[in-house]
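Just so it is clear, the structure is predicted and the values come from calculations on it, not from any experiment. Naming: A, B, ... by sequence-line order, numbering from 1 per chain.
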Amino acid sequence: MALNQLEKGYEPHEVEKKWYDFWEENELFAAPENTAEPAYSIVIPPPNVTGVLHMGHALNITLQDILCRYRRLKGDSVLWMPGTDHAGIATQNVVEKKLASEGVSRHQLGREKFIEAVWAWREESGSAIINQLKRLGASCDWKRERFTMDSGLSEAVRKVFVQLYHEGLIYRGDYIINWCHRCHTALSDLEVEHEDVDSFLYHIRYPFPDRSDGLLIATTRPETLFGDTAVAIHPDDPRYQNLPVNEVMLPLTDRRIPIIRDTYVGMEFGTGALKVTPAHDPNDFEIGGRHGLPRLKVIDDTGQMNGAAGQFSGMDRSACRQAVVEALKKNGLLEKMEPYRHSVGHCYRCKTIVEPNLSKQWFVKAKPLAEKAIAAVQDGQTRIVPEIWAKNYFDWLNNIRDWCISRQIWWGHQIPAWTCPDCNHLIVAMNAPACCPHCAQPNLIQETDVLDTWFSSALWPFSTMGWPNDTPLLKKYYPTSVLVTGFDILFFWVARMMMMGIHFMNMVPFRDVYVHALVRDEFGKKMSKSKGNVIDPLTICDQYGTDAFRLTLAAFAAQGRDVKMSEKRVEGYRHFINKLWNAARFALMHVDKGYASLPDQPLSLPNRWILSRSQTVTRTVTNALDNYHFNEAASQLYQFVWHEFCDWHLEAVKSDLYEKEGEQARNDTRCVVWHVLKNILILLHPMIPFVTEEIWHMLPGTSGSIMRAEFPDVQENRIDLDAERHMAILIDITTALRNIRGEMNLPPSLVLKCQIQTLDERIVTVVQEYGNQIQNLARLESLMTCNPGEKPPACATAIIENAVIHVPLEGVLNVDQELLRLEKELKKINTDLDAVIRKLNNEDFLGKAPDDVIEKVKSKQFALVEKHAKLQANISKIQSIHGAGAHP
RNA sequence: GGGCGGGUAGCUCAGUUGGGAGAGCAUCGGCCUUACAAGCCGAGGGUCACAGGUUCAAGCCCUGUUCCGCCUACCA
């Protein structure tokens, strides 16, 4: 009956939709708040609302989903908190672009209307990525979905800002920051990507006031010379010990600037003389600070030269560089242009070259927060897995610099700070104050800047659970169990969550941080739109099914390695899904009911064996998932299902199922197949949820969703080493016979006879009791054992441990071929034997190696010697036949 | 400049306290054997980057070399 419902090949599409809807409708993802069961919680790394699902998300989500589904099966109360972040700059860019296509700029709209437009955009397209996550099977508690701009999360942001400000951990000041002219905002150090660029090192002469030679400086940025307020040399530089004057002329201007002495200057680099531009270079800013130099800005916030650049004002900074170089050449002040490769900062959002720029910004004083974040990992409150990433985490936090958190954009959390236009008093508070506490002036002006998106993301583990309110959710699920993320946001996000979590909750935000790899293309290159090597996860799901895709990701998620993705690999796992499907199909042809327990009576060898193996696999998979060894869980199950359950167990019990061994055997085997298949489905469910749910519902004796099933425990009493040894004999004999068939080119239609010479009781037992199965597996018409020495007629032979297998092939035997086969085998044995003998002849080995190792080698030697002798005997025998045949 | 990771079969990679070199894909040969041709059976293929060292024993530990990748850094 069930067979009619099961297609011959597995078709994932409708199945996936059906079960995802079913799970949602039945609220199987919902996190319970008031349960006694242990809590297990994960907060999702919030994807950016402008984002579309890419491979990185797919891997990240799949791993989290595996963990959550696994813990649910284990009986935990699981919270997987979903949501998105508002991605200030990116979202603003997207909406501005959209408006531009309608011929409107945000400035025309004004701030309020613009923000309305962003919200409207979010309503319409912001959930796209959420639906894509669902397509992957993500079992998040969607009813709890959060957004960093929600009112609750915004309140958390304000509270954190205000408290940090009053604790002196947030301050405002004029510093050099990274400025993106295109995004028109400051960026934090982390948001700047450095890239090597081919450029020139310009050697420019700064003459002395009397027009004599002057100093030669070297720079990569001649256009900033208008902002120079000094030239610096090293105080010990012998070349400059006897300068006639202490000033030089700034080229292309009539300004004089001082020569200062500072040990920062490298005597070996360039000419040993450095132009100092405090308003456009972080180092020069510091030098300027030490020497009290003026800070002269020459590039405005749009990237154009300002009035201070004289004749060049109004020019774009890059055009100005060309123009300045030309002008210097004309004036004979450009001494040399040396090709030079150096690293230049680019905006991580739009790739524009960032400008170090003097600006008034808000900063988080990071050091005190970082110290606690370091300690928490050092003393094990939070564990970073794999451990290798802890070092990166420490390095960054140990050298942390203050975090520039203000952004000159409109979309984001507006900084809760107000200034009084009358007395200039600054007020930082949760809500807008009615009037100035200093002078009572009522019309206060709010800071127009918004906060870095990562500032709100840093609160994610507790703000999503309702903080600053004391909610049941926080009680039950904070700290979270694990954070799963890529190493690319270890600093951006993980370290900052650690700092904020510890500071505001007095508890680390997560017990474990599992850092996974980056997904690259099949050649190991980072996927990017510009390279055109992106593989769209949704296309893969459509083409191969989500389960196959998830299993591929899990199987390649080995710790500490990049995942190189290619469709070919997914294809292989699709075959596995289909294999599982067909194994289930076969099982369902025979199993017509569920079973509460396994039979009491002794079971047959294949049944005892598969139950034993199934325990070991359960243990391995459990350990693997407990330790984030996803690839091991995946490959173990792949191996077990395909190459043990399907290849050997199901094949070996076919005669049972077709009732060739009696009703009892059939019933026992049905029961075992049911149990093993059920366990396989549950073990696989975290990785391949859809197909396992589908089969689960077709399996008699199950009810409800597989999500509500119980993860199997290891039943020690089912581990049966005796059965494993005996089954190994059965497999060895079968394989040896198949090998003969294959190597001798004997067609499957030719049924063989077989005689096994042995004195080994175990082999005799296996052959006597399970001869039928071996006959089926190896296509034999007869199988018997006999004592060594009995000479069968012309036959092919194979040696296994403690036995010689004979296949009489009178009239069929190709003597040359058989001889070749045996000699190949002998060669292999000789190689192994040589190595073993060398070891055993080594006195040091015998004296120093542990006994069990020596024993192992000795028994190996024994087996090899025996095999060798038997092979040799067979070869002589064949040769004699050969001789008899060829030379009568 | 500093740091980290990697180099194992044709390809992609496993290999967890040092003791029999593995998987998937690809290749070759044979099969429509009543679950599965998205399959079954069999086979071939590796100086574990190179050179030293420690050890009875090294893919694994140590040193050096080399190639590739990534992260990070203010030397103009």
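Side-chain atoms of A:Ser655 and A:Gln773, non-hydrogen and from C-beta on, do get closer than 4.5 Å to each other. The side-chain heavy atoms of A:Ile204 and A:Leu334, taken from C-beta on, include a pair separated by under 4.5 Å.
No engagement by A:Gly345 is indicated, since no non-hydrogen atom pair under 4.0 Å with the nucleic acid exists. Across all strands, A:Glu387 comes closer than 4.0 Å to no nucleic acid atom at all (heavy-atom distances).
In this structure, A:Tyr10 does not reach the B:rC36 phosphate: none of its side-chain N or O atoms is under 4.0 Å from OP1 or OP2.
With sequence neighbours left out, the side chain to side chain contact (heavy atoms under 4.5 Å, CB included) criterion links A:Ile384 to A:Val377, A:Trp389, A:Ala390, A:Tyr393, A:Val513, A:Val515. For the side chain to side chain contact (heavy atoms under 4.5 Å, CB included) test, residues two or more places apart in sequence or in another chain that qualify with A:Thr734 are A:Trp648, A:Leu730, A:Arg738, A:Ile774, A:Leu777, A:Ala778. Partners of A:Asp732 under the side chain to side chain contact (heavy atoms under 4.5 Å, CB included) rule, at least two apart in sequence or in another chain, are A:Ile800. Checked against side chain to side chain contact (heavy atoms under 4.5 Å, CB included), A:Asp395 has the following partners two or more places apart in sequence or in another chain: A:Lys391.
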Determine, step by step, whether A:Asn814 and A:Leu809 satisfy the side-chain contact (heavy atoms from CB on, under 4.5 Å) criterion, reporting the C-alpha distance in whole Å, the side-chain angles of both residues, the deciding distance to 0.1 Å, and the verdict.
CA-CA 9 Å; A:Asn814 180 331; A:Leu809 288 172; over 6 Å; no
Evaluate the side-chain contact (heavy atoms from CB on, under 4.5 Å) criterion for residues A:Arg401 and A:Asp189: first the C-alpha distance (whole Å), next the side-chain angles of each, then the deciding distance (0.1 Å), finally the verdict.
CA-CA 9 Å; A:Arg401 289 188 295 171; A:Asp189 293 336; 3.3 Å; yes
Given the rule in the side-chain contact (heavy atoms from CB on, under 4.5 Å) test, do A:Leu737 and A:Cys754 qualify, once you have shown the distances and angles that lead to the verdict?
CA-CA 9 Å; A:Leu737 287 163; A:Cys754 172; 3.9 Å; yes
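Against RNA chain B, the stretch residues 216-225 of chain A makes heavy-atom approaches under 4.0 Å through A:Ala218, A:Thr219, A:Thr220. For the segment residues 731-740 of chain A, the set of residues with a heavy atom within less than 4.0 Å of an atom of RNA chain B comprises A:Thr735, A:Arg738, A:Asn739, in numerical order. Looking at residues 545-552 of chain A, you'll see that no heavy atom sits under 4.0 Å from any atom of RNA chain B.
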Per-nucleotide protein contact along nucleotides 21-35 of chain B, 5' to 3', at a 4.0 Å heavy-atom cut-off (B base, S sugar-phosphate only, - neither), is ---S----S-S-B-B
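For the pair A:Phe630 and A:Ala557, the tightest heavy-atom approach, listed with the atom from each and the gap, is CB-CB, 4.5 Å. For A:Ser188 against A:Trp403, the heavy-atom pair with the smallest separation is CB-CD1, 3.9 Å.
Using C1' as the reference atom, B:rC40 and B:rA51 are 48 Å apart when rounded to the nearest Å. Taking atom P on both B:rG44 and B:rG59, the two are 23 Å apart, rounded to the nearest angstrom. Between the C1' atoms of B:rA21 and B:rU47, the separation comes to 13 Å (whole Å). B:rU55 and B:rU12: their C1' atoms are spaced 34 Å apart (whole Å). Using C1' as the reference atom, B:rC62 and B:rU54 are 7 Å apart when rounded to the nearest Å. Taking the C1' atoms as reference points, B:rC56 lies 27 Å from B:rA49, given to the whole Å. For the P atoms, the distance linking B:rG46 with B:rC71 amounts to 37 Å, nearest Å. Remark: the separation of the P atoms in B:rC68 and B:rA23 is 32 Å, to the nearest Å.
Counting to the nearest Å, the C1' atom of B:rG42 and the CE atom of A:Met744 are 14 Å from each other. Atom CG of A:Leu840 is separated from atom P of B:rG20 by 12 Å (rounded to the nearest Å). Atom CZ of A:Arg401 is separated from atom C1' of B:rA73 by 9 Å (rounded to the nearest Å). When the C1' atom of B:rA58 is taken as reference, atom CZ of A:Phe845 falls 14 Å away, rounded to whole Å. The distance between atom CD of A:Glu193 and atom C1' of B:rC70, rounded to the nearest whole Å, is 13 Å. Remark: P of B:rC71 and CG of A:Leu490 are 13 Å apart, rounded to the nearest angstrom.
Considering only side-chain atoms of A:Lys828, the nucleotide from B:rG44, B:rG42, B:rA38 that sits closest is B:rG44. For A:Glu268, the side-chain atoms get nearest to B:rC75 when compared with the rest of B:rA43, B:rC75, B:rC71. Closest to the A:Phe491 side chain, of the nucleotides B:rA43, B:rU72, B:rC56, is B:rU72.
At distances below 3.5 Å, at least one donor-acceptor pair connects side-chain atoms of A:His13 with backbone N or O atoms of A:Asp542.
Looking at which nucleotide of RNA chain B each of A:Arg741 and A:Asp844 is closest to, the 5′-most match is held by A:Arg741. Of the two residues near RNA chain B, A:Gly9 and A:Trp648, the one whose nearest nucleotide lies more 5' is A:Gly9.
Between A:Phe645 and A:His649, the angle of the ring planes stays under 30°, which puts this pair in the parallel group of the 30/60° scheme.
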Which side-chain N or O atoms in residues 216-228 of chain A pair as donor and acceptor under 3.5 Å with protein atoms at least two apart or in another chain?
from     : atom 1 : to       : atom 2 : distance (Å)
A:Thr219 : OG1    : A:Arg221 : N      : 2.9
A:Arg221 : NE     : A:Glu223 : OE2    : 3.2
A:Arg221 : NH1    : A:Glu355 : OE2    : 2.9
A:Arg221 : NH2    : A:Glu223 : OE2    : 3.1
A:Arg221 : NH2    : A:Glu355 : OE1    : 3.0
A:Arg221 : NH2    : A:Glu355 : OE2    : 3.1
A:Glu223 : OE1    : A:Arg321 : NE     : 3.0
A:Glu223 : OE2    : A:Arg321 : NH2    : 3.1
A:Thr224 : OG1    : A:Arg221 : O      : 2.9
A:Thr224 : OG1    : A:Lys275 : NZ     : 2.6
A:Asp228 : OD1    : A:Lys275 : NZ     : 3.0
A:Asp228 : OD1    : A:Thr277 : OG1    : 2.8
A:Asp228 : OD2    : A:Tyr206 : OH     : 2.6

Would you sketch RNA chain B in dot-bracket for me? Only Watson-Crick or G-U wobble pairs with both distances under 3.5 Å count, crossing pairs as [ ], other-strand pairs as |, the rest as dots.
((((((((.[[[[.)...(..]]]].(((((.......))))).....[[[[[..)....]]]]])))))))....
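Annotation: salt bridge (Lys or Arg N to Asp or Glu O under 4.0 Å) contacts involving residues 280-290 of chain A, sequence neighbours excluded, comprise A:Asp262-A:Arg290. Sorted pairs that involve residues 836-847 of chain A and meet salt bridge (Lys or Arg N to Asp or Glu O under 4.0 Å), not counting sequence neighbours, are lacking altogether.
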